[in-house]
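One structure is given here, and the rest of the page talks about it.
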Amino acid sequence: MHDLRWLRENAAAFDRSLARRGLPPAAATILAVDEERRALETRLQEGQAERNRLSREIGERKRAGGDARELLDRVAALKDEVKAGEERLRELQARLESLLASYPAVLAEDVPDGPDERANRVVRVVGTPRRFAFAPKPHDELGARLGMSFEKAAKLSGARFVVLTGGLARLERAIAAFMLDLQTREHGYTEVAPPYLVRDEALFGTGQLPKFAQDLFRTDSGHWLIPTAEVPLTNLVAGEILAESQLPLRFVACTPCFRSEAGAAGKDTRGMIRQHQFTKVELVSVTTPEQSAAEHERMTRCAEEVLKRLELPYRVVLLCSGDTGFASTKTYDLEVWLPGQGVYREISSCSNCGDFQARRMQARFRPEGGKPPRFVHTLNGSGLAVGRTLIAVLENFQEEDGSIRLPGALVPYMDGIDRLEPEGR
RNA sequence: GGAGGGAUGGCCGAGCGGUCUAAGGCGCACGCCUGGAGAGCGUGUUGGGGGCAACUCCUCGCGGGUUCGAAUCCCGCUCCCUCCGCCA
């Protein structure tokens with residue numbers, strides 16, 4: 001959702017942002033509808049003012065016991081005209097709003113230009129990939145002897161699901177608990193247990209609807225399964241006018257996430273990299289416009305801290321213009337090193353959405369001093385994707401015999417167990 | 001699933017055909033008072049648009065209707081709540 005006032009004065013900047021995302025210009029189209037709407041509104045207003053004045057006069061005259069017939073005739077002529085104008089105005093307004101809702105967020109200035117992920121910029125590399133004395137295996141191979149079954153999952157649910165059993169199920173729970181504790185105890189996030197089914201409005205607010213319906217699962221009842229806890233957490237402030245003193249708000253939730261992966265046929269078909277259902281710990285911040293850039297850095301560090309404590313090598317990548325999501329003005333991805341595949345893979349994505357989502361969901365705050373409300377800024381980031389973290393632990397901490405030595409930070413969450421042993425050994 | 005009740009400004013809450021430009025309260029802002037704070041007093045305070053401006057329009061859940069005129073009457077929808085039934 002975009003600010004019309006801003007757009008009028010910054011049409012070129014708007015189109016430049018679209019161009020950087022590889023999209024054709026649109027400001028002129030939007031502004032033409034805006035122009036039409038304003039002209040109509042100005043014209044309509046005269047009629048409305050006249051009607052209101054006459055009606056008031058009729059009331060006065062009737063109360064005084066006078067004859068209002070002549071005034072009634074005059075207002076009758078205005079009536080249809082005004083009504084038609086109001087209808088037309090509503091149409092234009094609706095058209096304008098759906099236009100405004102269909103273009104992605106204006107990118108931050110410091111987002112590098114580029115068409116796709118190859119142009120992303122590595123900001124920092126943290127930790128050194130371990131040197132293996134043997135060929136490290138991918139997680140699905142390791143998992144086969146540890147309680148990871150895609151066959152069982154396929155029987156139940158089809159492709160892109162997994163069943164974890166025993167130590168691996170326990171490990172997933174341990175990782176999630178560790179992350180929640182870190183973010184709540186040390187980083188000041190408030191834990192939330194939100195609904196996993198939401199309505200259209202919530203998904204419109206965060207920007208998944210109406211454009212990306214094909215990526216989502218929908219129930220018979222008309223609800224949608226959340227693709228990320230960003231949706232319920234951010235929409236917590238939808239329609240609110242918060243006090244500036246309440247900001248920043250910081251929420252964390254561990255939820256399952258559901259994605260149809262409609263456009264990903266044939267991609268990442270092996271292993272549990274890309275699933276229809278996965279667990280994720282999500283961070284959401286709501287801030288003032290002045291604070292959001294600093295909060296973005298802070299949030300990214302909060303996500304990075306998880307990787308540091310788990311002793312996982314990673315790098316931070318600033319996404320280029322063509323790779324930055326619809327609702328985001330700027331995004332850092334955290335990519336963890338996966339020795340089994342010899343690549344860095346996305347494990348977190350931290351985005352500053354500016355006021356883009358706030359406008360869609362009417363989330364505002366009242367500045368100190370009783371001034372008019374302003375839109376908040378919203379940010380979200382994974383802290384982290386739990387399934388992919390589990391993968392990273394397996395691949396990075398594997399031993400030649402297929403066992404997994406667990407990072408120290410997780411041991412307390414595993415009741416002291418510091419090793420997963422494969423079956424049939 | 002059945003039967004009722006409700007939706008008003010940042011919040012609570014009155015209003016049930018014209019001056020509602022929405023009472024009153026809370027909160028907030030500013031001022032007075034004070035050594036300072038509090039209390040008290042006074043003033044202001046829904047939100048969103050249009051217009052160079054004067055000014056004006058919209059906004060009482062949403063949409064439609066009746067009317068010269070709707071927060072108020074009628075119809076539809078959405079959401080919330082209560083009770084009963086069923087069920088974690």
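Here the structure is a predicted model, which means the values were calculated and not measured. In what follows, chains are A, B, ... by sequence order, proteins preceding strands, each numbered from 1.
- Evaluation of the salt bridge (charged side-chain N to carboxylate O under 4.0 Å, His left out) rule for A:Glu141 yields no partner, not counting sequence neighbours.
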Distance-only check: which donor-acceptor pairs under 3.5 Å involve side-chain atoms of residues 241-253 of chain A, not counting sequence neighbours?
unit_1	atom_1	unit_2	atom_2	d
A:Glu244	OE1	A:Glu368	N	2.7
A:Gln246	OE1	A:Ala243	N	2.7
A:Arg250	NE	A:Glu295	OE2	2.7
A:Arg250	NH2	A:Glu295	OE1	2.8

Per-nucleotide protein contact along nucleotides 53-58 of chain B, 5' to 3', at a 4.0 Å heavy-atom cut-off (B base, S sugar-phosphate only, - neither), is ---BSS
Acceptor/donor pairs from residues 152-160 of chain A side chains to any protein atom, 3.5 angstrom cut, sequence neighbours excluded:
unit_1	atom_1	unit_2	atom_2	d
A:Arg160	NH1	A:Lys267	O	3.2
A:Arg160	NH1	A:Asp268	O	3.2
A:Arg160	NH1	A:Arg274	O	3.3
A:Arg160	NH2	A:Ala264	O	2.8
A:Arg160	NH2	A:Lys267	O	2.9

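- Evaluation of the side chain to side chain donor-acceptor pair (under 3.5 Å) rule for A:Glu335 yields A:Arg315 as partners, not counting sequence neighbours.
- The side chain to side chain donor-acceptor pair (under 3.5 Å) search around A:His377 returns A:Ser292, not counting sequence neighbours.
- In this structure, A:Thr324 has no side chain to side chain donor-acceptor pair (under 3.5 Å) partners at least two apart in sequence or on a different chain.
- A:Phe212 meets the side-chain contact (heavy atoms from CB on, under 4.5 Å) test with A:Gln214, A:Asp215, A:Phe326; sequence neighbours excluded.
- In terms of the side chain to side chain donor-acceptor pair (under 3.5 Å) criterion, residue partners of A:Arg20 (sequence neighbours excluded) are, by chain and number, A:Asp113.
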Pairs: protein N or O with nucleotides 26-31 of chain B N or O, under 3.5 Å:
none

Grab the N/O contacts between the protein and nucleotides 64-67 of chain B below 3.5 Å, and write none if there aren't any.
unit_1	atom_1	unit_2	atom_2	d
B:rG64	OP1	A:Arg90	NE	3.0
B:rG64	OP1	A:Arg90	NH2	2.7

Could you pull out every donor-acceptor pair under 3.5 Å between side chains of residues 413-420 of chain A and any protein atom, sequence neighbours left out?
unit_1	atom_1	unit_2	atom_2	d
A:Tyr413	OH	A:Asp181	OD2	2.6
A:Asp415	OD2	A:Arg170	NH2	3.4
A:Arg419	NH2	A:Ser403	OG	3.4

